[in-house]
Protein chains: 2
Amino acid sequence: MVTIFDVVRHAGVSSSTVSYVLNGTRRISEATRGRVLRSVAELGFHPNAGARTLAGRRSHIIALVMPLHRGVYVPIMTEIAISVTTTARRHGYDVLLVTNDEGPEGVRRVAASGLADGVILMDVELDDQRIPALRAQGTQAVLIGLPDDPHGLSCVDHDFAAAGALCAEHLADLGHREIAFIGYGSGVYQRHAGYAERTLTGFRERAGQRGLRFLDRPCEGTYESTAGTLARIVADRPRTTGFVVQNEAAIGPLLSLLHSSGRSVPEDASVVALCPEQLAEQYAPALTAVSGPTRELGRVAVDQMIRRLTDARRGAQPEDERPLLTPTLTPRQSTARLSVPKEPS
Amino acid sequence: MVTIFDVVRHAGVSSSTVSYVLNGTRRISEATRGRVLRSVAELGFHPNAGARTLAGRRSHIIALVMPLHRGVYVPIMTEIAISVTTTARRHGYDVLLVTNDEGPEGVRRVAASGLADGVILMDVELDDQRIPALRAQGTQAVLIGLPDDPHGLSCVDHDFAAAGALCAEHLADLGHREIAFIGYGSGVYQRHAGYAERTLTGFRERAGQRGLRFLDRPCEGTYESTAGTLARIVADRPRTTGFVVQNEAAIGPLLSLLHSSGRSVPEDASVVALCPEQLAEQYAPALTAVSGPTRELGRVAVDQMIRRLTDARRGAQPEDERPLLTPTLTPRQSTARLSVPKEPS
DNA sequence: TCACCACGTCGAAGATGGTCACCATGGGTG
DNA sequence: CACCCATGGTGACCATCTTCGACGTGGTGA
């Protein structure tokens with residue numbers, strides 16, 4: 001094993017100098033710095049993680065707590081995890097993957113043992129049980145999602161209300177007057193996943209402002225449930241020409257159902273999806289979709305965490321931030337101007 | 001911060017006893033054990049990770065190296081990551097998420113610093129650059145996938161050949177004589193992802209044994225490329241009645257293309273997908289699919305790692321294992337007996 | 001020319017919180 | 001009485017960071 005003293009000998013400096021160079025703790029002349037770095041590279045020195053953690057009282061590790069539910073859109077979570085990891089690396093941190101099956105105890109363990117310097121929580125529920133645990137430990141935390149009471153921690157999330165509003169706006173611009181909103185299964189709403197509600201709220205509000213008639217229906221996302229949902233929508237509001245789908249699993253079924261019921265997209269019905277670009281492009285026709293900057297979510301979360309950690313190390317009270325990331329609507333082939341107005345004036 | 005000495009005072013024992021109880025290193029009488037555990041629980045003691053790592057010369061952390069490619073089937077990777085994490089926890093290990101953008105250097109860093117006791121590699125290429133780095137460090141490693149030269153490390157993978165064979169078998173049993181195999185885009189084969197080749201080999205072999213005529217075509221998975229692939233298949237072999245799809249992204253396009261070209265599934269064409277159950281169930285009709293036990297993959301990888309680590313700690317040479325997990329075919333609505341034989345005898 | 005200062009580096013002494021090889025004790029056994 | 005087993009205690013590490021007084025060097029102002 002290569003230790004710091006091997007570097008000390010090889011570079012002809014003291015161990016404190018090596019430490020200073022590697023941690024950037026103090027100004028070191030460019031010449032010495034270069035010599036040390038060359039020795040480090042040549043010997044393949046990597047400071048022992050345990051010793052560094054113990055002596056420095058920080059682990060250079062951020063814990064990322066991932067949800068386990070099926071039904072959450074997994075690739076999104078993964079994309080966030082990856083952007084968290086790469087961003088963390090850029091700041092010299094590694095990422096510990098923690099699953100949620102340990103519940104609040106997992107968070108407590110990771111924080112209390114000093115395994116991680118901070119915790120990033122994904123898929124936050126409105127009254128999340130892990131938050132009090134985090135507060136009690138005095139651990140730095142960043143949430144991806146918005147809980148009821150976020151004091152003492154930073155949050156970041158998509159601006160779901162804006163996303164919902166964008167959908168209404170776009171369909172209104174295209175002349176549609178009657179819209180149906182196809183949401184998630186009731187389980188998602190019961191889990192108090194705020195994003196579902198906020199999207200709906202944003203949609204409703206803007207739809208109201210634009211004078212649209214609208215209907216919203218939960219949907220489990222299976223073929224059968226989507227069929228049922230669509231049937232009820234058509235029964236209640238036969239003149240519906242615009243569809244907003246939030247449940248990604250329902251998109252496929254919805255398209256085939258529309259097709260098989262003789263309505264072609266976008267001539268007879270426009271469909272806006274709330275889903276990642278990648279998914280939207282896979283359908284035929286390609287879907288007009290509203291999506292938030294997923295990778296950004298992870299990046300911002302880590303940046304906030306780094307800020308909190310450096311603040312805390314300086315003895316300052318970290319500032320609670322709460323940015324919302326703006327989604328964008330990308331028009332594709334699934335929406336079109338209402339060509340034959342159902343209500344000629 | 002609660003240290004082991006707080007427990008020592010509270011329970012009235014020595015620090016080694018506390019350590020022994022917590023690590024199960026040694027027999028401790030039931031009475032003492034209970035007293036210690038009660039104190040630990042009462043004080044909320046969690047051994048300091050850094051100190052434990054330094055003193056014990058092991059971190060209780062397993063590094064999991066994840067690929068970054070888009071286009072690989074992400075949810076599978078995620079499912080593996082989750083099963084790795086939960087299994088590791090059952091053995092008292094945590095999981096460090098390492099992305100592949102650091103390349104072999106990432107693996108080297110994590111191993112040389114003692115940050116992780118072992119490394120699990122996903123998405124292994126045939127001549128993977130990270131493997132020599134691992135060998136040089138003398139780090140314990142388990143690969144998910146099969147490289148060219150796996151000596152000195154354990155591997156686990158699906159039995160892709162068996163999966164390919166199952167597809168051929170099933171279609172042959174149903175009376176189909178002409179089959180088309182729709183593979184991944186050429187990029188996947190160029191990356192030397194062994195699984196694509198092995199599936200194809202298994203399929204070809206069994207198809208040959210069963211006297212099937214078959215055709216295999218790569219496919220990028222977009223709507224356009226799938227359309228092109230299908231057109232060429234129909235042109236070359238108009239009597240094709242069975243389809244095997246390995247590229248999950250091509251499934252949706254394939255189904256709509258078959259539909260729009262007037263062939264209904266399964267009456268006119270049978271489709272077998274090589275994909276996870278979850279995905280297969282989302283289509284209409286639900287797909288007959290061959291899938292391997294994804295979670296099992298992560299579980300087995302971790303179990304192998306644990307075995308290697310305990311062997312190595314005992315001074316024994318860890319045994320290289322190389323199990324292949326058997327896939328299963330689940331019949332659903334997308335395959336049927338060929339009802340109107342094209343070649344009446 | 002000399003006192004003084006700022007800068008960069010050294011060296012050595014803790015501090016960090018557990019682990020584990022080795023040792024001590026005490027009661028039972030042949 | 002010698003020996004052994006079961007149990008629990010003692011203390012030497014583990015490898016780095018941090019801190020702090022000291023020191024050499026070159027520049028500055030009197």
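Lettering follows sequence order; numbering is per chain, from 1. What you see is a predicted model, and the numbers here were worked out from it, not measured in a lab.
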Return whichever of Glu30(B) or Asn23(A) has its heavy-atom-nearest nucleotide of DNA chain D closer to the 5' end. Glu30(B)

Arg27(A) vs dG8(C): side-chain N/O to OP1/OP2 distance below 4.0 Å: yes

Assert: residue with more 5' nearest nucleotide on DNA chain D, out of Ser15(B) and Ala55(B), is Ser15(B)

Using whole Å, report how far CZ of Arg9(A) lies from C1' of dA15(D). 14 Å

Of the candidate nucleotides dT16(C), dT9(C), dC17(D), which contains the atom at the shortest distance from the side chain of Ile28(A)? dT9(C)

Assign Ser16(B) to base, sugar-phosphate, or nothing according to its heavy-atom contacts below 4.0 angstrom with the strands shown. base

What I want to find out is whether Arg313(A) reaches Asp117(A) closely enough, with some N-O distance under 4.0 Å, to be called a salt bridge. no

Which part of the nucleic acid, if any, lies within reach of Val13(A) when heavy atoms closer than 4.0 Å are counted: base, sugar-phosphate only, or nothing? sugar-phosphate

Whole Å only: how far is the CZ atom of Phe5(B) from the P atom of dA15(C)? 13 Å

Leu22(B) has an atom CG; how far is it from atom C1' of dC20(C), in whole Å? 15 Å

Can you find a pair of side-chain heavy atoms, one from Leu22(A) and one from Leu37(A), that are under 4.5 Å apart? yes

Donor-acceptor pair present, Tyr20(B) side chain and dA6(D) base, under 3.5 Å: no

Below 3.5 Å, does any donor atom in the side chain of Ser19(B) face an acceptor in the base of dG18(C), or the other way round? no

Rounded to the nearest Å, what distance is computed from the CD1 atom of residue Ile4(B) to the P atom of nucleotide dG17(C)? 12 Å

Give one of base, sugar-phosphate or nothing for Arg26(B), where a contact means two heavy atoms less than 4.0 Å apart. base

To the nearest Å, how far apart are Leu115(B) CG and dA15(D) P? 16 Å

CZ of Arg57(A) versus P of dT19(D): gap in Å, rounded? 10 Å

I need the minimum non-hydrogen distance between Ser39(B) and Ala11(B), along with the two atoms involved. OG-CB, 3.3 Å

To the nearest Å, give me how far apart CG (Leu54(B)) and C1' (dG17(C)) are. 9 Å

Using a 4.5 Å cut-off on heavy atoms from C-beta on, say whether the side chain of Ile76(A) contacts that of Pro276(A). yes

Looking only at side-chain atoms of Thr17(A), point me to the closest of dC17(D), dT19(C), dT9(C). dT9(C)

So, do Thr139(B) and Val110(B) sit near enough that their side-chain heavy atoms are less than 4.5 Å apart? no

Are OP1 or OP2 of dT9(C) and a side-chain N or O of Ser29(A) less than 4.0 angstrom apart? yes

Let me know the distance between CZ of Arg35(A) and P of dG8(C), rounded to the nearest Å. 15 Å

